[in-house]
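Working notes for the structure below.
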Amino acid sequence: MSTAILTGPPAPGSSLDGDLRSLGFDVRIASGAEEAGALLADVPAGERVALVDPRFVGHLHALRLALTDPRFPAAAVPGALTAQAEARAALARALGGAPAPAGTPADDLPGTLADALDADGVAVHRPQLGTLVATVPTDAEARHAARAAVEAVDDEAVRLRSAVKAHDGFFTTFFISPYSRHIARWCARRGLTPNQVTTASLLTALVAAGCAATGERAGYVAAGVLLLVSFVLDCADGQLARYALKYSTMGAWLDATFDRAKEYAFYAGLALGAARNGDDVWALALGAMVLMTCRHVVDFSFNEANAESTGAAAKTSLALSSRLDGVGWTVWARRMIILPIGERWAMIAVLTAVTSPRIVFWALIAGCAFGACYTTAGRVLRSLTRKGKRSDRAARALFDLTDSGPLSQLAARLFHRPGGRSLGVVLAAIATAGLLFAVLTWPFGDRQIVIAAVGYTIFAGLAVAQPLKGALDWLVPPLFRAAEYTTVLVLAARSDSPGALPAAFGLVAAVAYHHYDTVYRIRGGTGAPPAWLVRVTGGHEGRTLLVTVLAALLAGRGDDFTLALTALAVAVALVVLVESIRFWVSAGAPAVHDEGETA
């Protein structure tokens, strides 16, 4: 139970007391700032507390947005303020300095306290209300006008409409959200949680993957239909979170990771189904996964590198995009051509139902490659015209995203001359190009590939020896992802070991999970995974070197290379999954929900 403190008795005929109780608050009444401070001190330290002006007039959903959203330490609308445990001390200080009693009717104690919290360093979230009303009328005429404004707007319709992301893909916006938001409301009214809907989406996708694995046309049709159903549920879980304001740390993690698990499981199902018909497409399945993951790392790295861009730097980099936003049709066209998750899943579902897995993967690879080239080229141009300096926080985030292990850090200490300009992207490009040239040129198992991997380790260490503050240094993490994943793919494809490609698929999936987990920890403000995890898993360069050594030692020894890849995949998966689950279940990470770019 949370506690709401009214800073005076409610106005006659007001529904404020009942509204607050319906939102889960225990309502107490104070006569001013001094008594409100005393009541606040009586509330247990871990509880949320709200202060509300008794003259408040507004929609119930306006109060819900201000007082129940768990993502923010403090939030406010005119006449109402809330503070969670981490902001309670600042609220107590603000109340101690507030005038007592409130004095004239024009005083707005919650508004004054919200400004004081801002001044004290507590960021107060002020939700955008749109047509919703939240006001503190100072006389009978203003109160009558406010109540009329409340009656004129259907807050349930606004609540349902705001459950949909403000910026989403074309397919999701026009073909899914018009009815998925009603599913979200249906779930809310039956007490279902977003996590339950997320889990249902995962289970549906796994059943779809199983149908695809049958290799039969009826199975493919069922798989395509179930994949779309899974995507509808995937949209509904976020809409339910926004509709009911049920955000959680666990929900953010599940929503972020289950999307990748569903997609990769479906790739595996398609590959198994194709194998039943004598068509080996594991290389294409792994290639699609590698391309998709590298593309996402480009997105994440660029966003982290420029998260703090302001002023002239931001205006310069976004000038062309802003001009295009003024031409309505280009907004949807630009969202569609990058093949976001809605368009991507729709394409996969339809092609699965009517064509073959090989066609599905080639279409996926072609579409994602085009989208990756389009977005990366635009971001390179923005970076080259960027005027602002990259912050230390951004440079640290980029380093964490590189997943550099003990070998590259040792190489940096041994071969690097302190000081000098960062050449991160140049050295990373040299490392990646040299390794991939060797892997593609030399025969499988050749010792020259191991030598190239040693060189890759040295250059990778030098690339991160200086802070990644160069204009294009956000390309360093995706270059390392491309080097590691592609090396595993090529070595598995060129080996004579039966089942090497499925084993490589499992290994890359485990490592990719680790990299996505790193991304979402950073985005959640909790920092990268612990250093011991990077050391135990070897870092990108350690795993890459190990795979090349295994290929050299086990070449021509039957399925030994497959067994080695499988063992490595299981080991990495166990370590990263156990640590990831431990962190997201027990850590005090902030409650968030993905409102970012389309995946």
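This structure is a prediction, so every number in the text was calculated from the model and none was measured.
- A salt bridge does not link D42 with R28: none of the charged nitrogens is closer than 4.0 Å to a carboxylate oxygen.
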request  = Show your working on salt bridge (Lys or Arg N to Asp or Glu O under 4.0 Å) between R159 and D154 and close with a plain yes or no.
outcome  = CA-CA 9 Å; R159 183 182 179 188; D154 184 352; over 6 Å; no
message = Before you tell me yes or no, could you show the steps for D517 and R521 under salt bridge (Lys or Arg N to Asp or Glu O under 4.0 Å), namely the whole-Å CA-CA distance, both residues' side-chain angles and the distance that decides it to 0.1 Å?
response = CA-CA 6 Å; D517 187 56; R521 292 193 196 209; 3.0 Å; yes
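- Counting only heavy atoms from C-beta outward, the side chains of W186 and L192 approach each other to under 4.5 Å.
- Nearest heavy atom pair, residue A83 against residue L91, reads CB-CD2, 3.9 Å.
- Within a 6.0 Å sphere centred on NE2 of H144, other residues, nucleotides and ligands contribute 12 heavy atoms or fewer.
- Judged by distance alone, with hydrogens and angles left aside, the side-chain atoms of R189 form no donor-acceptor pair with the main-chain N or O of A184 at under 3.5 Å.
- Salt bridge R126/D115: present, at least one basic N to carboxylate O contact under 4.0 Å.
- When each of D234, V232, L233, D237 is tested with S180 by the rule side-chain contact (heavy atoms from CB on, under 4.5 Å), just one qualifies, namely V232.
- T172 and S177 share no side-chain donor-acceptor pair at under 3.5 Å.
- In this structure, R523 forms no cation-pi arrangement with F300, as its terminal cationic atom is not both closer than 6.0 Å to the ring centre and no more than 45° off the ring axis.
- In this structure, the separation between CG on L401 and CD1 on I522 is 4.0 Å, given to the nearest 0.5 Å.
- A donor-acceptor pair is defined here as one N or O able to donate and one able to accept, closer than 3.5 Å; no such pair exists between the side chain of D120 and the backbone of V122.
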message = If you apply the rule side-chain contact (heavy atoms from CB on, under 4.5 Å), what do you find for L6 with F56, and how did you get there?
response = CA-CA 10 Å; L6 292 178; F56 175 87; over 6 Å; no
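- For the pair R260 and T257, the minimum side-chain heavy-atom distance is 4.5 Å or more.
- A pairwise comparison of heavy atoms in A114 and A76 identifies CB-CB, 4.0 Å as the closest pair.
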request  = Take L95 and L51, measure what side-chain contact (heavy atoms from CB on, under 4.5 Å) needs, and give me the verdict at the end.
outcome  = CA-CA 11 Å; L95 270 170; L51 277 87; 4.0 Å; yes
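- Residues V133 and A146 share a closest heavy-atom pair of CG1-O, 4.4 Å.
- Residues V77 and P127 share a closest heavy-atom pair of CG1-CG, 3.8 Å.
- The distance from atom SG of C187 to atom NE2 of H182, rounded to the nearest 0.5 Å, is 13.0 Å.
- In this structure, the side chain of N306 engages the main chain of F302 through a donor-acceptor pair within 3.5 Å.
- For the pair R93 (side chain) and R88 (backbone), a donor-acceptor distance under 3.5 Å is absent.
- At a threshold of 4.5 Å between non-hydrogen side-chain atoms, the residues I5 and V52 do not count as touching.
- Under the 4.5 Å side-chain criterion, counting only non-hydrogen atoms from C-beta, R481 is in contact with D403.
- Nearest heavy-atom pair, D168 versus W332, reported as atom, atom and distance to 0.1 Å: O-CZ3, 3.4 Å.
- Under the 4.5 Å side-chain criterion, counting only non-hydrogen atoms from C-beta, W474 is in contact with S383.
- Rounding to the nearest 0.5 Å places CZ of F266 at 7.0 Å from CD1 of I348.
- In this structure, E35 contributes its side chain and S31 its backbone to a donor-acceptor pair below 3.5 Å.
- Using a 4.0 Å cut-off between a side-chain N of Lys or Arg and a carboxylate O of Asp or Glu, R396 and D400 qualify as a salt bridge.
- Side-chain contact check for S301 versus E304: every heavy-atom pair is 4.5 Å or farther apart.
- A distance-only check finds a donor-acceptor pair linking the side chain of Q84 to the backbone of F72 [under 3.5 Å].
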task = Take L533 and H514 through the side-chain contact (heavy atoms from CB on, under 4.5 Å) test and state the conclusion after the steps.
result = CA-CA 10 Å; L533 181 64; H514 167 55; 4.0 Å; yes
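- The backbone N or O of V49 sits less than 3.5 Å from a side-chain atom of T82, completing a donor-acceptor pair.
- With 3.5 Å as the limit, one finds no donor-acceptor pair spanning the side chains of T193 and K246.
- Side-chain atoms of S201 come within 3.5 Å of backbone atoms of S230 as a donor-acceptor pair (strictly under, hydrogens ignored).
- Proximity of a side-chain donor or acceptor of S580 to a complementary backbone N or O of L577 within less than 3.5 Å is not detected.
- Going from atom OH of Y374 over to atom CD1 of I337 covers 4.5 Å, rounded to the nearest 0.5 Å.
- The pair R344-E263 meets the salt-bridge criterion, since a charged nitrogen lies less than 4.0 angstrom from a carboxylate oxygen.
- A cation-pi contact, defined as under 6.0 Å to the ring centre and within 45° of the axis, is absent between R335 and F170.
- At a cut-off of 3.5 Å, with distance as the only test, a side-chain donor of T293 or Y264 sits close to an acceptor on the other residue.
- The OG1 atom of T402 sits 8.5 Å away from the NE2 atom of H515 when rounded to the nearest 0.5 Å.
- For the pair H59 (side chain) and L129 (backbone), a donor-acceptor distance under 3.5 Å is absent.
- Contact check for D155 versus L132: side-chain heavy atoms found under the 4.5 Å cut-off.
- Electrostatic pairing of R181 and E156 does not count as a salt bridge here, judged by no charged N lying under 4.0 Å from a carboxylate O.
- A donor-acceptor contact under 3.5 angstrom links the side chains of H61 and R64, judged on distance only.
- Remark: aromatic rings of W345 and F171 are distant, center separation not under 6.0 Å.
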message = Run the side-chain contact (heavy atoms from CB on, under 4.5 Å) test on R295 and I338 for me, step by step, so that the C-alpha distance in whole Å, both residues' side-chain angles and the decisive distance to 0.1 Å come before the verdict.
response = CA-CA 10 Å; R295 171 190 164 184; I338 64 173; 3.7 Å; yes
request  = Would you please test R242 and D69 for salt bridge (Lys or Arg N to Asp or Glu O under 4.0 Å) and show each step?
outcome  = CA-CA 9 Å; R242 286 182 286 273; D69 195 326; over 6 Å; no
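- Here the side chains of R390 and L398 are in contact, with some heavy-atom distance below 4.5 Å.
- Taking both residues in full, the closest heavy atoms of L117 and A87 are given as CD2-O, 4.5 Å, listed atom of the first, atom of the second, then distance.
- Listed by chain and number, the residues in a side chain to side chain contact (heavy atoms under 4.5 Å, CB included) with D17 are R21, V27 (sequence neighbours excluded).
- Interatomic distance, CD1 of I341 versus CG of D259, reported as 4.0 Å (0.5 Å rounding).
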